[in-house]
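Before any comments, here is the structure.
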Amino acid sequence: MAEQAQEAGSVPLSAVVADAANGVVLALRGEGDPYALSSLLRQGDALASAAIRVLGADALAPYALDHRAAPGGENDEAVVREALAAYPPGPDASEVSVWSYRGLVEASHAFLPGGADRWPQAPEAASAWVTDDPWPKLSHRASQLAALALPGLAQGLADRLASRTDDLARGFVRAVRRRDWLQAAGLGRWLARLPDAPPTLGLDTGLVFVRQMSDGDPRVALHVVAARQFYGRGG
């Protein structure tokens, strides 16, 4: 996906994703102009479509906070539809890619005006890995799917992850020790959503620490701000 998008221009995809993540963070914090995804990422831009697929459901996260953004309109619908059409998961796609795509479809149903018949059907996504993976691999995959920790999305996945809260907490600690701030932030966001995060983990101070140490990484900030705004965790 990144290679395809990069051929469309000289701006790195990572820069486009970072700018879009910053826009989501501002909206979640109630700052800046009223949020519209289509004002950040334009229709007809291959990098924009790729960035939406990287952010997944988080591209629409501000619409989950009713008082922070007006419901997404037709322009947002068009830019998301373009991203879903441009980068569907192929037959050999990883579980993470399929779940991420599924989450974006679910968020589109929830937050954008197009009827169910106007959106792609959410693909079936395997979840045996939640039970079978050893905790380091589980932590890696779960952190990559932190955008699905939005309220109401991927409820079945959240229910299964709840049975492995202790393992996700181990992954959070390991990521902090390894200074992998993005993985730590993603796991911390899941732990904020799930019940029974170990009190000894110190999740609130941990999330604050992760953001401080991440040197302003916009995707880390997005996860930490989402944990606070949706679940009241992280200071």
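- Atoms CD and CD, from Q43 and E77 in turn, are 10.0 Å apart once rounded to the nearest 0.5 Å.
- Residue S49 holds its OG atom at 9.0 Å from CG of L47, rounded to the nearest 0.5 Å.
- Applying the side chain to side chain donor-acceptor pair (under 3.5 Å) rule to pairs touching residues 215-224 yields R189-H223, sequence neighbours excluded.
- In terms of hydrophobic clustering, with Ile, Leu, Val, Met, Phe, Trp and Tyr side chains grouped at heavy-atom distances under 4.5 Å, W99 and L187 are assigned to a common cluster.
- The backbone N or O of P123 lies less than 3.5 Å from a partner atom in the side chain of R102, making a donor-acceptor pair.
- In the hydrophobic cluster analysis, where Ile, Leu, Val, Met, Phe, Trp and Tyr join through side-chain heavy atoms closer than 4.5 angstrom, L145 is grouped apart from L222.
- R164 meets the side-chain contact (heavy atoms from CB on, under 4.5 Å) test with D133, W135, L138, D167; sequence neighbours excluded.
- Remark: S163 pairs with no residue by the side chain to side chain donor-acceptor pair (under 3.5 Å) rule, at least two apart or across chains.
- Note on V220: it clusters hydrophobically with L148, by side-chain heavy-atom contacts below 4.5 Å among ILVMFWY residues.
- No more than 12 heavy-atom neighbours from other residues, nucleotides or ligands sit within 6.0 angstrom of CG on D33.
- A donor-acceptor contact closer than 3.5 angstrom links the side chains of R160 and T131.
- For residues 143-152, no pair satisfies salt bridge (charged side-chain N to carboxylate O under 4.0 Å, His left out), with sequence neighbours left out.
- A heavy-atom distance below 4.5 Å is found between the side chains of Q229 and L65.
- In terms of heavy-atom proximity, P88 sits nearest to A85 at CD-O, 3.4 Å.
- Looking at every heavy atom in both residues, L40 comes nearest to G23 through CD1-CA, 3.9 Å.
- Under a 3.5 Å cut-off, the side chain of Y101 and the backbone N or O of L84 do form a donor-acceptor pair.
- Residues Y231 and V225 share a single hydrophobic cluster, defined by chaining ILVMFWY side chains whose heavy atoms lie under 4.5 Å apart.
- For P218 against V25, the heavy-atom pair with the smallest separation is O-CG2, 4.0 Å.
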Task: Steps toward side-chain contact (heavy atoms from CB on, under 4.5 Å) verdict (L104, L55) - done: CA-CA 9 Å; L104 182 56; L55 290 176; over 6 Å; no
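- Closest heavy-atom contact between A169 and L191: CA-CD1, 3.9 Å.
- Taking the centre of each ring, Y35 and Y63 come in below the 6.0 Å mark.
- The salt bridge (charged side-chain N to carboxylate O under 4.0 Å, His left out) check on E95 picks up R141, with sequence neighbours excluded.
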Task: Candidate pair L41 and D19, rule side-chain contact (heavy atoms from CB on, under 4.5 Å), full reasoning - done: CA-CA 9 Å; L41 297 167; D19 285 346; over 6 Å; no
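- Qualifying side-chain contact (heavy atoms from CB on, under 4.5 Å) partners for A107, counting only residues two or more places apart in sequence or in other chains: A57, L60, F111, L153.
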Contacts under 3.5 angstrom, residues 199-208 side chains, donor-acceptor by atom type, not counting sequence neighbours:
from: D204; atom 1: OD1; to: R233; atom 2: NE; distance (Å): 2.9
from: D204; atom 1: OD1; to: G234; atom 2: N; distance (Å): 2.8
from: T205; atom 1: OG1; to: G202; atom 2: O; distance (Å): 3.1

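- Atom CG of D196 has 12 or fewer neighbouring heavy atoms from other residues, nucleotides or ligands inside a 6.0 Å radius.
- Shown here are the side-chain contact (heavy atoms from CB on, under 4.5 Å) partners of S94, two or more places apart in sequence or in another chain: V96, S97.
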Identify each donor-acceptor pair in which a side-chain atom of residues 172-183 lies under 3.5 Å from a protein atom, sequence neighbours left out, and give them as a table.
from: D180; atom 1: OD1; to: Q183; atom 2: N; distance (Å): 3.2
from: W181; atom 1: NE1; to: M213; atom 2: O; distance (Å): 3.3

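- Residues T165 and A197 come closest through the heavy atom pair CG2-CA, 3.8 Å.
- Of the inter-residue distances, the one linking S214 atom OG with F209 atom CZ reads 10.5 Å to the nearest 0.5 angstrom.
- A 4.5 Å side-chain heavy-atom check between L28 and R228 finds every atom pair outside the cut-off.
- Residues R211 and A221 share a closest heavy-atom pair of NE-CB, 3.7 Å.
- With sequence neighbours left out, the side-chain contact (heavy atoms from CB on, under 4.5 Å) criterion links A158 to Q155, W190, R193, L194.
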Open item on the list: Walk me through whether R53 and S100 qualify under side-chain contact (heavy atoms from CB on, under 4.5 Å).
Closed with: CA-CA 8 Å; R53 280 289 279 119; S100 177; 3.7 Å; yes
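- With sequence neighbours excluded, the residues satisfying side chain to side chain donor-acceptor pair (under 3.5 Å) with S38 are D76.
- Every residue two or more places apart in sequence or in another chain that forms a side chain to side chain donor-acceptor pair (under 3.5 Å) with E31 is listed here: R29.
- F230 and L161 sit in two unconnected hydrophobic clusters of ILVMFWY residues. Membership requires side-chain heavy atoms under 4.5 Å apart, directly or through other members.
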